[in-house]
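A, B, ... follow the sequence lines: proteins, then strands. Residue 1 opens every chain.
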Protein chains: 2
Amino acid sequence: MPWELDSDRPIYTQLMEQIELKVCAGLYPPGGRLPPVRELAREAAVNPNTMQRALAGLEESGLLYTRRTSGRFVTENQDMIRAVKSRLVREHTRDFLNKMGRLGFTHPEILEAVSSLMEENKNE
Amino acid sequence: MPWELDSDRPIYTQLMEQIELKVCAGLYPPGGRLPPVRELAREAAVNPNTMQRALAGLEESGLLYTRRTSGRFVTENQDMIRAVKSRLVREHTRDFLNKMGRLGFTHPEILEAVSSLMEENKNE
DNA sequence: CTCACTGTATTAGTTAACTAATACAATGAT
DNA sequence: ATCATTGTATTAGTTAACTAATACAGTGAG
């Protein structure tokens, strides 16, 4: 299946986010090998150069590393992965609180809104 | 002060969001007149054409309307404004739950994360 | 009437993102 | 040794977003 890509932000940014997410979720386990650039690009329905750029970005941050001719791998450093995950949690939560706050919601009201939407989607 | 603009998404989209937000928050009250395009553009530190595009978008959705030579106004239809606000709340909450879910968080864990970040920022 | 102010339209130019099509070098299996 | 596979680099072309600089038309106050 093609990846969920939004047309209103740079593709390579979204690719970085999605790969980061897959690593945090354990879909690409620590030390594990990723599919080749060309295959990832095909999978995401994206030009290989774009995927290459996304991967290079994640490599810069240390989450991935390359063995020149044998493939690209997830870091074995589980602490780093945990740190990325924590960062994402904080960012998402902070952004959410910020957006709701700007809409005039108080903290208790926010909790209420979250709970009620959870109730609605209990089945998932 | 210049508006909070992110460089990784189209400016006019962000302008639309921010104006929408100001309307929902009552900063631009129902039926009220907005500042002229040129002034809004100056305020946001953006080219007038870009601001014009954003405003045209919001007009298309019905949230704003124009009296050709005397200015641009917020709709008097308070139900529409309430509807927009509800939509935003739902979208933000849904997105947040989705992101946290992908990171492997259960519903109780999400509530916990929100509460704890609220505690941290009680002062705001 | 005149003039400043309103929204709108047009034309041109810049830049970044993305696609496309290759080419190269290193490795490892056969 | 050969050859397919790996990541990487290069060059070119397209498109959308944004800026820039004007020009136009209607309105309302003086």
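Among residues at least two apart or in separate chains, salt bridge (charged side-chain N to carboxylate O under 4.0 Å, His left out) pairs with a member in residues 98-109 of chain B are A:E4-B:R102.
Between B:N47 atom CG and D:dT22 atom P the separation is 13 Å, expressed in whole Å. Separating the OH atom of B:Y12 from the C1' atom of D:dT19 is a distance of 16 Å, rounded to the nearest angstrom. To the nearest angstrom, P of C:dT6 lies 11 Å from CZ of B:R42. Distance, A:D6 CG to C:dA17 P: 16 Å, rounded to whole Å. We find that CE of A:M51 is positioned 14 Å from P of D:dT8, with the value rounded to whole Å. A:E39 has its CD atom 8 Å from the P atom of D:dT6, to the nearest Å. The OH-P distance, from A:Y65 to D:dT8, rounds to 14 Å in whole Å. Distance, B:R9 CZ to D:dA16 C1': 16 Å, rounded to whole Å.
Applying the salt bridge (Lys or Arg N to Asp or Glu O under 4.0 Å) rule to A:R9 yields the partners A:E17; only residues at least two apart in sequence or on another chain are considered. Scanning for ring-ring contact (aromatic ring centres under 6.0 Å, His included) contacts around A:F96 gives B:F96, with sequence neighbours left out.
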Base-contact (B) and sugar-phosphate-only (S) positions in nucleotides 7-14 of chain C, heavy-atom cut-off under 4.0 Å, - elsewhere: BBBB----
Side chains of residues 68-76 of chain A: which donor-acceptor partners sit under 3.5 Å, not counting sequence neighbours?
from: A:R72; atom 1: NE; to: A:E59; atom 2: OE1; distance (Å): 3.1
from: A:T75; atom 1: OG1; to: A:N77; atom 2: N; distance (Å): 3.0
from: A:E76; atom 1: OE2; to: A:Y65; atom 2: OH; distance (Å): 3.0

Would you list the atom pairs, donor with acceptor, under 3.5 Å between side chains in residues 30-39 of chain A and any protein atom, with sequence neighbours excluded?
none

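Under the 4.5 Å side-chain heavy-atom criterion for Ile, Leu, Val, Met, Phe, Trp and Tyr, B:L21 and B:W3 are members of the same hydrophobic cluster.
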